[in-house]
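Comments concern the structure below.
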Amino acid sequence: MTMRSSSETASLLDGLRAFIEPAHLRTDADSCLQYGRDWTRLYSPNPLAVALPGSIEQVQQLVIFANHHRLALVPSGGRTGLSGAAVACNGELVVSLERMNRILEFDPVDRSVTCQAGTITEALQNFARDQGLSYPVDFASRGSSQIGGNIATNAGGIKVVRYGLTRDWVTGLKVITGRGDRLDLNRGLIKNASGYDLRHLFVGSEGTLGIIVEATLQLTRPLREPSVMVLGVPNLSGIMAIYGLLRSKLDLSAFEFFSELALRHVLKKGPHRPFDSATPYYVLAEFENPGDIQTDEALELFEHCAEQGWLADGVISQSGNQAKELWRLREDISESIAEHQPYKNDIAVRISRVPALLEEIDGLLAREYPDFEVLWYGHIGDGNLHINILKPATMEPAIFAKKCGAVSPHLFAALQRHGGSISAEHGVGLTKKPYLHYTRDESEVNYLRAIKQAFDPNGIMNPGKLFD
Ligand code: S2G
Ligand code: ZN
């Protein structure tokens with residue numbers, strides 16, 4: 001905790017006001033609370049203040065000032081993160097990019113768009129659609145997450161099986177490094193064999209190397225008339241068999257799963273069951289289906305999976321609206337369970353290891369969490385499983401976190417045996433930092449520290465996140 005005297009605080013704020021307009025340097029309690037946290041609720045926000053720069057030059061002035069005064073900075077996007085990476089609880093200055101939210105340039109020949117870091121993800125998706133193209137990285141928080149934060153966490157979401165992660169669509173980055181240098185990385189080039197690709201260090205850096213201020217992103221053609229199938233699956237072991245068959249015949253754009261327990265929480269909020277029967281698990285598969293050319297194939301595959309006993313029921317969308325309704329069953333899970341303050345795990349393994357890991361972890365969780373409601377869901381087609389333990393209403397959050405935390409080493413040891421990662425897409429931040437060693441060994445973390453030292457020698461960039 002950074003302890004400052006009131007005169008030191010006053011002096012820092014006066015210094016900041018020399019180049020940040022008073023309206024864009026907030027110290028009120030509500031701003032400090034709202035901008036000092038992400039979607040996690042485990043930490044008490046306590047920033048020095050919230051700065052909202054309007055230009056790259058102001059961001060650069062902030063970083064230079066912060067180096068001079070050894071003032072820690074926490075970059076802030078949409079604050080939809082789930083690992084505490086955007087939390088400011090030690091007198092840091094939050095640097096919000098929300099005012100820098102414009103789309104700056106579109107090139108129809110490159111099929112690329114350059115936008116400021118504070119651009120809302122959905123605004124970029126809509127802009128691409130209006131140009132007859134698509135920015136295909138997609139997830140439920142699209143309406144409030146920002147492009148800069150998506151890049152800083154290498155956001156994945158629901159279409160990774162076809163389109164990959166944010167990293168795969170970043171062709172240029174403008175950043176202010178922790179030293180205060182302005183770098184213009186890769187500048188939208190497809191090919192550039194001129195040495196280390198520093199752009200990719202900033203993707204997934206969680207604000208620890210500098211501040212992303214602008215991005216050039218590749219666009220692609222839109223999906224043509226996607227259809228959505230939801231399948232009722234009696235047990236976990238059949239899911240990847242279904243995936244293997246569907247992906248061999250259909251042009252899949254998504255392959256998700258969720259448990260009946262997760263579905264029940266969504267149904268409480270309004271949507272209808274996909275079909276009458278209830279099964280322990282469900283698969284949602286989306287595939288490109290212009291003119292219904294793949295519908296017969298999909299129905300044949302459905303019959304084959306049913307004959308194998310891998311599935312018990314299913315539905316295929318008959319319209320775009322029904323496809324959207326079916327997607328809600330998956331995409332609304334996170335919001336539907338938020339009130340239960342879930343203890344979240346976001347793990348990844350190679351897809352070849354998913355069946356073995358599922359079997360091992362299912363048994364572990366049943367043994368270790370006999371009294372808790374455990375929800376499975378996630379992007380199983382790319383090996384990313386979200387396991388959410390719901391907090392019993394009468395249990396103190398601290399006690400619940402301790403009980404769940406006690407199981408995590410067993411979970412992560414099993415994951416390590418399967419070569420997995422303790423964080424698939426939500427990042428490390430604060431919540432997963434104690435477990436980083438299950439995925440990155442000491443010699444590797446020392447390289448991460450050396451890179452951090454090169455970009456942020458005074459350690460002002462989001463200190464305490466990712467690793468110490
Ligand atoms: C998902 C969203 C965040 C959460 O639904 O795929 O990544 O609540 C999650 O886990
Ligand atoms: Zn996810």
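Any value given below was found using the heavy atoms of this structure, including those in side chains, with hydrogens, waters and symmetry copies removed. Fair warning: this is a prediction, and the values are worked out from it, not measured in the lab. Just so you know, ligand 1 is whichever comes first in the structure, and atom 1 is the first atom listed for that ligand.
Using a cutoff of 4.0 Å between basic side-chain nitrogens and carboxylate oxygens, E335 and K269 are not scored as salt-bridged. Between R273 and E260 there is a salt bridge, since at least one side-chain N of the basic residue sits less than 4.0 Å from a carboxylate O of the acidic one. Between K159 and E286 there is a salt bridge, since at least one side-chain N of the basic residue sits less than 4.0 Å from a carboxylate O of the acidic one. Salt-bridge annotation for K324 and E331: absent, with no side-chain N of the basic residue lying under 4.0 Å from a carboxylate O of the acidic one.
Closer than 4.0 angstrom to ligand 1 sit non-hydrogen atoms from L82, R330, S334, K344, Y377, H379, H386, E425, H426.
Of the possible polar contacts, one joining the N384 side chain to the I347 backbone as a donor-acceptor pair under 3.5 Å is found. The closest donor-acceptor contact from the side chain of E225 to the backbone of P290 lies at 3.5 Å or more, if one exists at all. The backbone N or O of L358 sits nowhere less than 3.5 Å from a side-chain atom of E360 that would complete a donor-acceptor pair. S145 contributes no side-chain N or O that, together with a main-chain N or O of T121, makes up a donor-acceptor pair within less than 3.5 Å.
For the 3.5 Å distance criterion, the side chains of T431 and S83 fail to qualify, holding no donor opposite an acceptor.
Listed by chain and number, the protein N, O or S atoms at a distance under 2.8 Å from the Zn ion (ligand 2) are H379 NE2, H386 NE2, E425 OE2.
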